[in-house]
Amino acid sequence: MANLAQIDMARLPQHVAIIMDGNGRWAQKRGLQRVLGHRSGVQAVRRVTEVAAELGVKYLTLYAFSTENWNRPKEEVDALMNLFVDTIEKETPSLKKNNVCLHAIGDMERLPEDARVRFERCIAETSTNTGLHLVIALSYSARWELTEAVRKAVLAAKQEGLKAEDVNEAYVSSLLVTAGMPDPDLLIRTSGELRISNFLLWQLAYAELYFTDVEWPDFGKEEFYEAIYAYQQRERRYGKTGEQVKKS
Ligand code: IPE
Ligand code: IPE
Ligand code: MG
């Protein structure tokens, strides 16, 4: 397991994205209700946010609830919504103290009104902070996001005279919910699943992928260091040859 001394502080990923998976199985293996796994997962969120802020990672994006997760049993969805909002409210003073700027990406319109209002209040309270950007993907899926982007472009063509030749990669990026944020350098997925599950499909184009069997509630400081250490052993070639990359 890697430790802090092994991390090259000059080559930290600027943006780490995490698919926090395995809460349910973690609980079930222990004979507990799934919701207790989610509750335990909140502790892991706290640990990872702390480490990211300490290291000086600029963006941490956490996949908390997908568009597809709305299809889970109503009791689990309700429990998760309560847990999200209670946690965010409880943590807001400490986010403020630690200069963390909170963001939410996703279809917030689908959230229960009360949860959305409370969430947005916390976002507003941290909006002028200049430290870690903590981005919670909530009711998010990449296909939803890309569909919305196409819709916005069609409207811009109709109402603002957008032309086909105005459309380039920068323009497409500007229509996404991550507009203005750097793309993730490192994607971590816990609990042994080897898939992307509709997460940030555009933005992950050149991310380094890191998968671990550790379930999310067991993910801690050392596991995070290990992922960053593994990332730092990779050669990011962006289509070039290894020789070209070494020369630059
Ligand atoms: C991830 O854990 C949290 C959410 C998707 C909300 P899961 O709830 O997916 O846990 P498993 O995959 O069933 O173990
Ligand atoms: C992905 O986890 C979404 C989140 C972590 C919020 P799931 O556990 O829902 O993913 P699949 O459906 O098994 O791929
Ligand atoms: Mg899962």
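Note that ligands are numbered from 1 as they come in the structure, with each ligand's atoms numbered from 1 the same way. Predicted model only: the values in this text are computed from it and were never measured.
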If you count the atoms of ligand 2 from 1 in the order shown, which ones are under 4.0 Å from a heavy atom of R195? 11 (P), 13 (O), 14 (O)
What's the separation between atom CD in Q232 and atom OH in Y225, rounded to the nearest 0.5 Å? 12.5 Å
Taking only heavy atoms of R189 into account, list the atoms of ligand 2 that are under 4.0 Å away from them. 2 (O), 10 (O), 11 (P), 14 (O)
When you measure from the side chain of N129 to the backbone of V100, do you find a donor-acceptor pair of N or O atoms at a distance under 3.5 Å? yes
Going by the salt bridge (charged side-chain N to carboxylate O under 4.0 Å, His left out) test, which pairs reach into residues 93-111, not counting sequence neighbours? K96-E125
With 2.8 Å as the limit, jot down which protein N, O or S atoms are around the Mg ion (ligand 3). D21 OD1
Listing by chain and number, which residues have a heavy atom under 4.0 Å from ligand 1? M20, D21, G22, N23, G24, R25, R34, H38, A64, N69, R72, L80
More than 12 foreign heavy atoms under 6.0 Å from CZ of R234: is that the case here? yes
Could you tell me whether R47 and E50 make a salt bridge, using a distance below 4.0 angstrom between a side-chain N and a carboxylate O? no
Contacts of E89 meeting salt bridge (Lys or Arg N to Asp or Glu O under 4.0 Å) (sequence neighbours excluded), chain-then-number -> R118
My understanding is that only one of T178, D185, T61 makes a side-chain hydrogen bond (donor to acceptor under 3.5 Å, both in side chains) with H15; could you say which? T61
Other residues, nucleotides and ligands only: do more than 12 of their heavy atoms fall within 6.0 Å of CD on E235? yes
Might you confirm whether atom NZ of K152 has over 12 heavy atoms from other residues, nucleotides or ligands at distances under 6.0 Å? yes
Where do R189 and S197 land on the side chain to side chain donor-acceptor pair (under 3.5 Å) test, with the steps shown first? CA-CA 10 Å; R189 183 169 189 151; S197 302; 2.7 Å; yes
